[in-house]
Every structure is written in structure tokens, then in C-alpha cells.
Amino acid sequence: MNEEYDVIVLGTGLTECILSGIMSVKGKKVLHMDRNSYYGAESASITPLEDLYKRFGLPGKPPESMGKGRDWNVDLIPKFLMANGQLVRMLLLTKVTQYLDFKVIDGSFVYKAGKIHKVPSTEAEALSSGLMGLFEKRRFRSFLQFIANFDEANPKTMEQIDPQKTNMKAVFEKFKLGQDVMDFTGHSLALYRTDDYLNEPCIETINRIKLYSESLARYGKSPYLYPLYGLGELPQGFARLSAIYGGTYMLNKPIDEIVVENGKVVGVKSEGEIAKCKQLICDPSYAKDCAKKVGQVIRVICILNHTIANTGDVNSCQIIIPQTQVKRNHDIYVCMISSAHNVAAQGKYIAIASTTVETNDPEQEIKPALDLLAPIEQKFVHISDQYAPTDMGTESQIFISRTYDPTTHFETTCDDIKDIYQRMTGAEFDFAEMERKKKDTFGDAAE
């Protein structure tokens, strides 16, 4: 332990493990520690099922009808990967895909007026969707064509829209699209959590819808991927990457304190010994004095013995309930996976509902989602605080990740990773640059 490292990482959440892997690949000497005995921290997958019962303080053991406990790998943080998104690019770039197998999620749905509808993301689906009337379908098709053709480098494709100055609301108005279409476009295609985007420059929304469409085009069923055996496989994959490049891992390691001298981190004390470092990465639970609470998220893990009604009996799906449909300020999300993904016993399904807490009665807030899942065999309710760093690490060289939000994809997590990377290295995390340097940087292990 009494060694000096370039970087010490505390916590084995996905953010921390990706950064640990990237820093190891860059030639940094990395020590990675976690107080837990398992990988994943808050983004772990819990197995066996008995451990999930213990974690949530449920008395007794799971009933025999739940099958073998080892058949279960239950995510604490429900998320999917956008097939053409940033996390998949990071996985491909670092070759972590060799440790993982993925399955395409069967469908993406949106809630409107008490019913579930498939999200229309192609012109053909738009024309057959029950979300819109006949004339609006045609206008929405024109809107999708405009998005598909939009190219900032070619003014002819912009149709007199300034991507940096025209807000998204004006774009919707240009195509005469009503509130319902704005709802599912902004929340189910662009994947915004609130309606703040309507008053922002439209380029970000256009790029988000393009990402959704490009991700969908890769596999056809939905734009989402999910790793077999659960999300806990992701941090383990990046941990293996770090180990290949010399990173040292210590699980089940109590952290006594982060040692700071003259306002700058110098090491970490554990069981009386100090490991020295120049930089430190950690999740907010290790540095609460340097983070602030920014909200709460409720997540309800539900075990079902049936598929979700009106989804066409698919084994996996995402459902988004836009905020305006249930008179809220934030969307509600549902992720469902099953034995097809090696995370549940045969004939069983795991559906996880999540949203940002707005009142003193979070369970009532998430009721619209739970109503879609009924009947529920067993549920596990977890309300967690969300934290964001107050110290950006400029002086202290302590870099703290953000708590996972309720969205059902990893794009916001990847934004946080790139932000921390930039603050640590002074350089932007540039995918194109890393692609060009791939052979030099990743050496033989990347071939």
C-alpha cells in the first residue's frame, strides 16, 4: 500500500471503472479501491436473489416460484445502451466488447392518454401510428425527413433554420406539430427529461433525434442494447481493461480518509496505511464534503410473471411516460428485461420504474408506471439522493462523479466521464482523435 500512484480511484461504479481503464491505457499507474466486496457500487447487479431480499430488508427467503437464486442478476440502476451512442463507442474503442455479449431490446414505447404506443421513428411507422391523426402523420413524416437530411455543413438542408439561434419550439411550429407530437418526439426520441429544451437552440435536439434514428437503424427493433447477465458486467469489463494495463484492484477495502495537504490530495488512508497519489477519482459517497445534494430519484424494482400489456408480449422494452401526460415536471421511465438476458428465472421478468422525486410521496408519483406493470409479484422500493460535485478538482485534484440520474440510457453518464477526463488531463475526450491514435495508444492488447 505504501506506494505512489498517478491516480487512485475509489468506488467501482461504471463511471469510475471507465476512467480507471482509460487512465491505465494512457500509461498512468492506477490503484482502484472499493469498500464493497463486489464490482459496480451503485450500478451493481445483485445476485443471488436472496441478496436482493437482504439488501432491501425483506423478511424470509424468495418463494420457490421465483426459481433458483443464482438465475437472477438484478440491476440497481436501470439503463440501456444506445446502439450508436457514446458508451458503445467507448466499449468498441477500448475492446472491452470482447468480455461482453449484448442483446437488442425488443421495443420502445410511449404513454399517451392511459395507453402504450410504439414509438414511431421511421416514416413507415409514423404513418401507421395511433399517436397521431392522418394530417399530423404527414407533417411528422416531413419533420423526420428534415431531421434525416439536416447537415450543418450544408445550408440547403437547413430550410432557413439557424441551428444555433432557432429554438426547438419554433421548429415544431414550422412543421405545424401539436403538443402530443412534441411530447413523444422530445421525450421518446430526443430523450429529454423536461421541456426546457424547447427554448434552447435546436441543434442539440436534432442531433439527439439523429442518434436515436441511427441507433435504431443498426438493429431495427429498438435503438437500445443490453449486456447479458446484467449491467454489472460493464464495470467488470473496464476493470479487466485496467488490469491488463497494470492497474491494481482492491475490493472490500475500507477507506479511512482522503489525505489532503495544502488543499491538494496526496493520498488515501486505508487500514492505517497511506497510498500516495497525484490525482483522485471517486463517487460522491467517498467525498461528501465536496458534493451537494441536487435531488432524489425513486426506483422500484418489480418482479413479474408476465409481459407488460399492450407491448406485443416482448421480452424486453422501454416505456417513457412524458411529464405532461401525468401532470409532472419530469418523465417516468420503465425498463423491462427477462430470462432472455440471463437476469431472471425462466418465465420471469424484471421491470424497473424510475423518476425524479418531486413531492413528499414518491411512491404515489411513480404509480402510473406501476399500474402498467400490475399484477406485481414482488417489488423493491429504493429512494436515493442525487449528488453533484462542488469541487471541480482544479486545485485539489479530486475529481468526483455525478450520481446516476433516472434516465434509461448512458448518454448523461458518458457526458460526465468526458467532463472529468477533460478536467483531469486538460484535453477534450475526442473519439476521432482516440480512433486515430488507437494502435499507438492501445498497443498489442487492442489488436
Side-chain angles (χ1 to χ4, degrees), residues 11 13-15 40-46 52 55-58 74-80 109-112 114 183-184 186-188 190-198 231 283-304 308 318-336 350-374 376 378-390 400-413 415-416:
L14 181 61
T15 304
E42 286 300 304
S43 59
S45 300
I46 303 299
L52 189 70
R55 187 181 184 95
F56 283 87
L58 267 63
V74 183
D75 299 328
L76 296 176
I77 305 287
K79 286 188 186 287
F80 295 144
F109 298 84
V110 64
Y111 177 95
K112 178 194 171 187
D183 274 354
F184 77 72
H187 295 261
S188 301
L191 299 171
Y192 284 106
R193 287 180 283 165
T194 71
D195 278 343
D196 294 348
Y197 77 96
L198 287 169
L231 295 176
D283 71 48
S285 70
Y286 289 92
K288 285 186 175 174
D289 290 348
C290 302
K292 64 179 177 182
K293 182 178 169 181
V294 291
Q296 285 186 311
V297 174
I298 178 170
R299 297 181 177 94
V300 182
I301 300 167
C302 302
I303 294 176
L304 314 177
I308 299 173
Q318 173 189 256
I319 302 168
I320 292 178
I321 304 175
Q323 54 177 56
T324 54
Q325 292 292 319
V326 283
K327 296 181 173 60
R328 286 174 46 77
N329 297 320
H330 297 84
D331 293 351
I332 302 173
Y333 300 90
V334 176
C335 286
M336 189 192 76
I350 301 168
I352 308 177
S354 58
T355 192
T356 300
V357 174
E358 296 177 7
T359 70
N360 292 326
D361 191 0
E363 286 195 59
Q364 186 62 32
E365 293 182 55
I366 210 158
K367 188 175 182 296
L370 303 186
D371 288 346
L372 295 176
L373 306 178
I376 297 167
Q378 183 59 261
K379 67 179 181 180
F380 307 85
V381 181
H382 181 48
I383 298 166
S384 57
D385 293 338
Q386 278 190 290
Y387 290 94
T390 52
I400 304 162
S401 62
R402 298 179 72 91
T403 312
Y404 299 101
D405 63 31
T407 56
T408 50
H409 56 82
F410 280 107
E411 294 306 297
T412 50
T413 302
D415 289 341
D416 189 31

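Residues satisfying the ring pair (Phe, Tyr, Trp, His ring centres under 6.0 Å) test with Tyr286, not counting sequence neighbours, are none. Applying the side-chain contact (heavy atoms from CB on, under 4.5 Å) rule to Asn360 yields no partners; only residues at least two apart in sequence or on another chain are considered. Checked against side chain to side chain donor-acceptor pair (under 3.5 Å), Lys293 has the following partners two or more places apart in sequence or in another chain: Asp385. Every residue two or more places apart in sequence or in another chain was checked for a salt bridge (charged side-chain N to carboxylate O under 4.0 Å, His left out) with Glu411, and none qualifies. For Lys292, the side-chain contact (heavy atoms from CB on, under 4.5 Å) test picks out Val294, Thr390, with sequence neighbours left out. For Tyr387, the ring pair (Phe, Tyr, Trp, His ring centres under 6.0 Å) criterion is met by no residue, not counting sequence neighbours. With sequence neighbours left out, the side chain to side chain donor-acceptor pair (under 3.5 Å) criterion links Asp196 to Thr194. For Asp371, the side chain to side chain donor-acceptor pair (under 3.5 Å) criterion is met by Lys367, not counting sequence neighbours. The salt bridge (charged side-chain N to carboxylate O under 4.0 Å, His left out) check on Asp195 picks up nothing, with sequence neighbours excluded. Legend: residues meeting side-chain contact (heavy atoms from CB on, under 4.5 Å) with Ser45, ordered by chain and number and at least two apart, are Asn73, Asp75, Leu231. In terms of the side chain to side chain donor-acceptor pair (under 3.5 Å) criterion, Glu42 has no residue partners (sequence neighbours excluded). Applying the side-chain contact (heavy atoms from CB on, under 4.5 Å) rule to Arg402 yields the partners Ala388, Pro389, Asp416; only residues at least two apart in sequence or on another chain are considered.
A donor-acceptor pair under 3.5 Å is absent between the side-chain atoms of Glu358 and the main chain of Arg328, judged by distance alone. Of the possible donor and acceptor atoms, one in the side chain of Tyr404 sits under 3.5 Å from a partner among the backbone N and O of Leu14. Judged purely by atom type and a 3.5 angstrom limit, His409 has no side-chain atom pairing as donor or acceptor with the backbone of Phe80. For the pair Lys79 (side chain) and Cys335 (backbone), a donor-acceptor distance under 3.5 Å is absent. The closest donor-acceptor contact from the side chain of Gln296 to the backbone of Ile383 lies at 3.5 Å or more, if one exists at all.
We find the CD-NE2 distance between Glu365 and His330 to be 10.0 Å, quoted to the nearest 0.5 Å. Taking CD1 of Ile366 as the start and CD1 of Ile332 as the end, the distance is 6.0 Å to the nearest 0.5 Å. Atoms OG1 and CD1, on Thr413 and Ile77 in that order, are 9.0 Å from each other to the nearest 0.5 Å. The distance from the CZ atom of Arg193 to the OG1 atom of Thr356 is 5.5 Å, given to the nearest 0.5 Å.
In plain terms, the two heavy atoms of Leu373 and Cys302 that are nearest each other are CD1-SG, 3.9 Å. Shortest non-hydrogen contact noted between Ser188 and Ile320 is CA-CD1, 3.9 Å. Considering every non-hydrogen atom in both Ser401 and Pro284, the closest pair reads O-CG, 3.2 Å. Contact detail for Asp283 and Gly11: the closest heavy-atom pair is OD2-CA, 3.9 Å. The minimum heavy-atom distance linking Leu370 with Ile376 is given by the pair O-CD1, 4.0 Å.
At least one side-chain heavy atom of Glu363 sits under 4.5 Å from a side-chain heavy atom of Val381. In this structure, Val297 and Asp405 have side chains that are not in contact, with every pair of non-hydrogen atoms separated by 4.5 Å or more. For the pair Thr403/Ser384, no side-chain contact is recorded, criterion being any heavy-atom separation below 4.5 Å from C-beta on. Residues Asp183 and Gln325 have side chains in contact (heavy-atom distance under 4.5 Å, counting atoms from C-beta outward). Residues Ile308 and Phe109 form no side-chain contact, since every pair of their non-hydrogen atoms from C-beta on lies 4.5 Å or further apart. The closest side-chain heavy-atom distance from Tyr111 to Val326 is below 4.5 Å. You'll find the side chain of Leu58 reaches within 4.5 Å of the side chain of Gln378, heavy atoms only.
Taking the six-membered ring where tryptophan is involved, the planes of Tyr192 and Tyr197 are essentially parallel, since the angle between them stays under 30° and well short of 60°.
Residue-environment remark: NZ (Lys112) exceeds the threshold of 12 foreign heavy atoms within 6.0 Å.
A donor-acceptor pair shorter than 3.5 Å cannot be found between the side chains of Asp361 and Thr359.
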